[in-house]
Amino acid sequence: MSDSCPSTPVSAPGKAFLIGEYAVLEGAPALVTAIDVRAVAHRPTTPPLEPPSAVVRCAQERVALFLQGRGADPTDAQVVVETGGFTMGARKLGLGSSAAVAAAVIGFQLANAGLDPAEPTIRQQALDLAMAAHAEAQGGGGSGADVAAAVLGGTLHFQAGKAERITAPSWLHVGFVDAGAPADTSSFVRRVKKAAATEAERYRQAMGMLRDAATQFLHAYGRHDSPTGLLELIRQATARHNEGLRLLAQLSGTPIMPPSLETILTAAFEAGLAAKPSGAGGGDLVVVFAHERRQIEQFGERLLREHGFALLSDLRADADGLRSEQRTPTNSRLAGFFKLSVEARRQAVAAVTGLPESRLRDLDAGALDVHQANHMIENVVGTLELPLAIATNFQINGRDFLVPMCVEEASVVAAASNAARMIRAGGGFTAHSDPPWMIAQVQLLGDDRPGDTAEIAERILGQRNELLALADEAHPRLLQRGGGARDLEVRITDARMVVVHVLVDCRDAMGANLLNTVAETLAPRLEALTGWTAGLRILSNLADRRCAHVSARIPPEVLGGRGFDGSQVVDLVVSASRFAEVDPYRATTHNKGIMNGVDAVVLATGNDWRAMEASAHAYAARDGRYRPLAIWRRGEDGWLQGRMSLPAAVGVVGGATRVHPVCRLALEILHCRHAGELGQVMAAAGLASNLAALRALATEGIQRGHMSLHARSIALGVGASGPEVEWLAQRMIEVGEIKAERAASLLEELRHHAPTAEASERN
Ligand code: NAD
């Protein structure tokens with residue numbers, strides 16, 4: 001392929017074992033599913049800095065030989081593979097990234113040689129090549145199930161090197177919990193194999209248990225008829241699997257089942273779920289099974305609250321295998337972006353995102369025409385323009401994002417980009433989201449007939465399933481998209497009032513209108529059921545079941561400067577955080593700084609910033625006292641650690657997100673996969689803004705940096721234009737007076753006494 005030819009990125013998914021890991025190495029059956037985190041092979045825009053990894057090299061060699069044999073063009077030597085999705089912050093999850101890399105490279109070369117990897121014979125070729133390349137790079141030893149999942153996708157019955165795609169039963173839902181520590185699969189497997197020789201009898205016993213567990217699991221999994229009793233079989237099979245792993249751990253002296261895993265497994269079984277480690281064990285991922293998605297999500301909520309382990313609600317099983325991608329992964333590290341002209345910045349954004357430059361004309365003034373605006377709200381007389389900027393350097397769970405921010409305040413975007421660069425030096429943001437559950441409220445009033453509220457509550461909860469089904473009837477499309485009513489709660493507020501909460505999974509929408517319909521649909525049935533009168537029927541804007549959780553770790557050396565060493569800055573930021581933790585006056589300002597970043601993304605993407613504000617502040621006061629949303633500590637290694645949970649009732653569909661042309665484009669630039677990820681970006685922008693503010697406040701104070709930007713906006717305000725703006729801002733700083741009156745007189749002076757020559761000299 002010639003270097004000038006455009007190439008299509010090709011991606012391959014990760015994998016997770018549902019059952020049968022370890023035993024598959026001894027010829028037992030296993031069940032493996034493709035997970036929708038993807039390795040993306042593409043041609044880099046600049047030559048890669050690092051040499052290719054062993055797996056990339058082996059894949060390149062195999063596919064080159066194969067294509068040569070078919071007389072095809074030589075392969076593209078420039079391939080790189082992005083695997084950001086496989087990480088939580090700086091930690092790689094055990095989702096089979098190396099198998100996905102082998103598959104993606106081979107898929108990329110085949111596709112770019114004109115062979116479609118979706119075509120069955122080519123797909124089989126890709127599988128054979130990827131199996132061989134991966135085995136060579138890893139020195140053998142693996143089952144190959146991970147490679148099969150990466151190429152074929154879906155859920156696979158895998159045994160003795162043969163993969164067969166099977167349909168996941170509709171009665172079984174799967175979720176993944178992050179147990180918080182990396183696992184070294186190949187060392188575990190090595191130690192277990194070594195123990196097979198020295199502890200032959202106990203090894204056989206453990207393998208027998210793991211094999212039986214897999215067989216029992218597969219027997220239940222293959223049934224698509226009545227689910228009654230089948231989850232119990234799955235529970236028994238996973239319990240047996242866990243017993244087998246404990247024995248393997250014992251006999252090999254390998255930490256396959258550390259306390260973190262045992263805590264999650266115990267909690268899952270107590271909650272009525274089935275659960276087992278996915279993969280080699282050792283603290284990486286736990287897979288949980290339930291009849292209903294809702295049960296998994298409720299378990300996740302409790303697990304996070306009580307034990308601090310996160311359900312990774314973004315991880316979806318049964319993903320596509322090899323597939324072409326529309327665009328190359330984003331690189332948000334655009335050094336010197338701030339120095340470019342507006343036009344050059346647009347070109348840079350177009351180059352990174354692959355969007356045509358002409359699309360960026362949507363960012364010109366007047367993009368929202370007044371006639372469109374007239375359909376959005378009432379009594380329209382015009383539109384209001386605000387600056388839209390791109391914050392750089394953001395990396396969340398290993399993926400880069402160019403973050404659109406719309407804000408009128410100077411220094412917000414620069415501060416967020418700068419802090420994101422520091423956070424990037426520590427591995428970027430780590431983030432996860434609650435499932436997108438929102439709350440619809442129906443107020444029920446006993447009028448002048450106070451009743452037995454506990455009995456009323458019981459009556460409503462007794463009809464839980466019927467009421468949830470009725471709520472789902474209001475939104476059949478939402479159900480098809482995997483959302484829908486999840487649970488019902490009744491709150492007794494006083495003797496004459498109970499409030500019914502319907503929890504609804506809104507998928508990718510903010511959900512206000514969806515929820516209001518649900519509340520209105522249920523109200524008459526609730527009235528009939530209780531004999532009470534329905535009052536208000538509307539969503540709650542306290543989206544505390546739909547938080548984005550984000551954290552960051554920053555090495556001290558990147559925090560220092562301007563007379564402060566990094567370690568000092570860590571202490572100063574922690575002290576600033578403690579100030580906010582004990583004082584609501586400070587906490588309010590602390591949170592305002594966070595909302596600088598959050599709101600700017602909310603606004604840029606057409607989401608409802610009043611809803612976001614209301615929710616954030618109510619959440620900050622959820623225990624009766626107003627607290628900071630983000631807090632900072634010094635880690636044991638001396639690094640600065642920050643974390644924040646932010647209610648994120650935001651959508652990538654609905655409301656103004658797709659109506660306003662600039663918001664539509666902002667979402668395209670951002671390229672979030674779902675609403676949960678958009679919430680994570682907003683939370684990351686908030687945490688970055690907070691870090692920048694605390695660092696500046698705790699050291700030199702914010703005025704210095706802020707004032708030079710503020711001076712520019714004053715200069716614009718008094719009518720300076722072109723080079724005059726910089727000159728005037730600089731003069732105001734020099735004379736120490738950044739005020740409109742002084743700016744006007746300085747401008748007057750400039751225009752009358754030292755015209756353009758001096759101004760242009762300074763630029
Ligand atoms: P919406 O009314 O536009 O509904 C979302 C639509 O998107 C639905 O029709 C749904 O079918 C569709 N959709 C397409 N793909 C989807 C997917 N993957 N997931 C989910 N839905 C999908 O928007 P909404 O989110 O229901 O409501 C948001 C709007 O409501 C905002 O404009 C907000 O300002 C406004 N609002 C807010 C409040 C409040 O916060 N108190 C009250 C009323 C209205």
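Note that the structure is predicted; figures quoted are calculated from it, not measured.
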### Task
Check whether any side-chain N or O of R622 sits under 3.5 Å from a backbone N or O of Y619 as a donor-acceptor pair, and report yes or no.
yes

### Query
Around atom CZ of R643, are there more than 12 heavy atoms of other residues, nucleotides or ligands at under 6.0 Å?
no

### Task
Give a yes-or-no answer on whether the side chains of E677 and N397 include a donor-acceptor pair shorter than 3.5 Å.
no

### Query
Among pairs that include at least one residue of residues 543-601, which meet ring-ring contact (aromatic ring centres under 6.0 Å, His included), considering only residues two or more places apart or in two chains?
H432-H549

#### Entry: D434 (side chain) donor-acceptor with C547 (main chain) under 3.5 angstrom
yes

## Note on the structure
Value for CD (Q730) from CG (L746), rounded to nearest 0.5 Å, stands at 12.0 Å

### Summary
Rounded to the nearest 0.5 angstrom, the CH2-CG distance for W639 and L559 is 10.5 Å

### Task
First locate atom CG of L747, then atom CZ of R731, and finally report the distance between them rounded to the nearest 0.5 Å.
12.5 Å

#### Entry: Close side-chain approach of D565 and E557, heavy atoms under 4.5 Å
no

### Query
Does the side chain of I439 reach to within under 4.5 Å of the side chain of L539, using non-hydrogen atoms?
no

#### Entry: N-O pairing of E581 and R627 below 4.0 Å
no

#### Entry: Within-4.5 Å side-chain heavy-atom neighbours: Q295 and V288
no

### Message
I'd like to check F429 versus I423 (side-chain heavy atoms, cut-off strictly below 4.5 Å). Are they in contact?
### Response
yes

### Criterion salt bridge (charged side-chain N to carboxylate O under 4.0 Å, His left out) on R712 and E409, from CA distance to verdict
CA-CA 11 Å; R712 272 192 232 154; E409 186 181 341; over 6 Å; no

### Message
Looking at H660 and V662, would you say the former's side chain and the latter's main chain have a donor-acceptor pair under 3.5 Å?
### Response
yes

### Message
For a quick check under 3.5 Å, do S567 and R634 share a side-chain donor-acceptor pair by atom type?
### Response
yes

### Message
Using a strict threshold of under 4.0 Å (side-chain N to carboxylate O), is an ion pair present between R293 and E297?
### Response
yes

#### Entry: Taking every non-hydrogen atom, the tightest pair across V681 and C672
CG2-SG, 4.0 Å

### Query
So do L687 and I594 actually touch side chain to side chain, heavy atoms under 4.5 Å?
no

### Message
Restricting to side chain to side chain contact (heavy atoms under 4.5 Å, CB included), what partner residues turn up for S689, sequence neighbours left out?
### Response
A416

### Message
Would C663 and T605 count as a side chain to side chain contact (heavy atoms under 4.5 Å, CB included) here? Give the steps.
### Response
CA-CA 5 Å; C663 302; T605 55; 5.6 Å; no

#### Entry: Steps toward side chain to side chain contact (heavy atoms under 4.5 Å, CB included) verdict (H674, D314)
CA-CA 9 Å; H674 45 71; D314 297 354; 3.4 Å; yes

### Query
For M497, does its backbone N or O pair with a side-chain atom of D494 as donor and acceptor, under 3.5 Å?
yes

### Task
May I ask you to decide whether E489 forms a salt bridge with R545, counting only side-chain N to carboxylate O separations under 4.0 Å?
yes

### Message
Using modelled atom types and a 3.5 Å cut-off, is there a donor and acceptor pairing between side-chain atoms of S745 and backbone atoms of R742?
### Response
yes

### Task
State whether the side chain of R537 and the backbone N or O of G535 hold a donor-acceptor pair below 3.5 Å, judged by distance alone.
yes

### Message
Let's go through S260 and F309 carefully: what are the C-alpha distance in whole Å and the side-chain angles of both, what is the deciding distance for side chain to side chain contact (heavy atoms under 4.5 Å, CB included) to 0.1 Å, and is it a yes or a no?
### Response
CA-CA 9 Å; S260 56; F309 294 109; 3.8 Å; yes

### Query
V407 versus P387: any side-chain heavy-atom pair under 4.5 Å?
no

### Task
Can you tell me which residue pairs pass the side chain to side chain donor-acceptor pair (under 3.5 Å) test with a partner in residues 413-429, sequence neighbours excluded?
S332-R424, D400-R424, N418-R421

### Query
Is the CD atom of E636 crowded by more than 12 outside heavy atoms at less than 6.0 Å?
no

### Message
Between Q641 and W632, do the side chains contain a donor N or O and an acceptor N or O under 3.5 Å apart?
### Response
no

### Query
Short question: side chain of R345, backbone of L340 - any donor-acceptor pair under 3.5 Å?
yes

### Query
Is the backbone N or O of A548 less than 3.5 Å from a side-chain atom of S433, with the two atoms forming a donor-acceptor pair by type?
no

## Note on the structure
When every non-hydrogen atom of A271 is compared with those of R302, the smallest separation belongs to CB-NH1, 3.9 Å

### Query
Can you check whether L670 reaches L402 side chain to side chain, under 4.5 Å on heavy atoms?
no

### Message
Please find the pair of heavy atoms, one from V177 and one from L311, that lie closest to each other, and give the distance.
### Response
CG2-CD1, 4.1 Å

### Task
Write down the atom of A618, the atom of L542, and the distance for their closest heavy-atom approach.
CB-CD1, 3.8 Å

### Query
Out of curiosity, Q395 CD to T330 OG1, how far, rounded to the nearest 0.5 Å?
11.5 Å

### Task
Give a yes or no answer on whether the side chain of T588 reaches the backbone of P584 with a donor-acceptor pair at less than 3.5 Å.
yes

### Summary
Of all heavy-atom pairs linking A611 and M510, the shortest is CB-CE, 3.7 Å

### Message
Do the side chains of R546 and E301 get close enough for a salt bridge, i.e. N-O under 4.0 angstrom?
### Response
no

### Message
Check D505 with R507, please: is the shortest side-chain N to carboxylate O separation under 4.0 Å?
### Response
yes

### Task
Begin from the C-alpha positions of E613 and R610 and carry the test side chain to side chain contact (heavy atoms under 4.5 Å, CB included) through to its verdict.
CA-CA 5 Å; E613 282 282 330; R610 290 86 55 208; 5.7 Å; no

### Query
Can you find a pair of side-chain heavy atoms, one from L691 and one from L640, that are under 4.5 Å apart?
yes

## Note on the structure
Test side-chain contact (heavy atoms from CB on, under 4.5 Å), reference N591, set N690, N596, L629, output is L629

### Query
If you look at every heavy atom in G638 and P556, which pair is closest and at what distance?
O-CG, 3.4 Å

### Task
Examine distances only and state if a side-chain atom of R658 and a backbone atom of V652 form a donor-acceptor pair shorter than 3.5 Å.
yes

### Summary
Output for pair (R91 CZ, T430 OG1), nearest 0.5 Å, gives 7.5 Å

### Task
Mind checking the CH2-NE2 spacing from W437 to H501? Nearest 0.5 Å is all I need.
14.0 Å

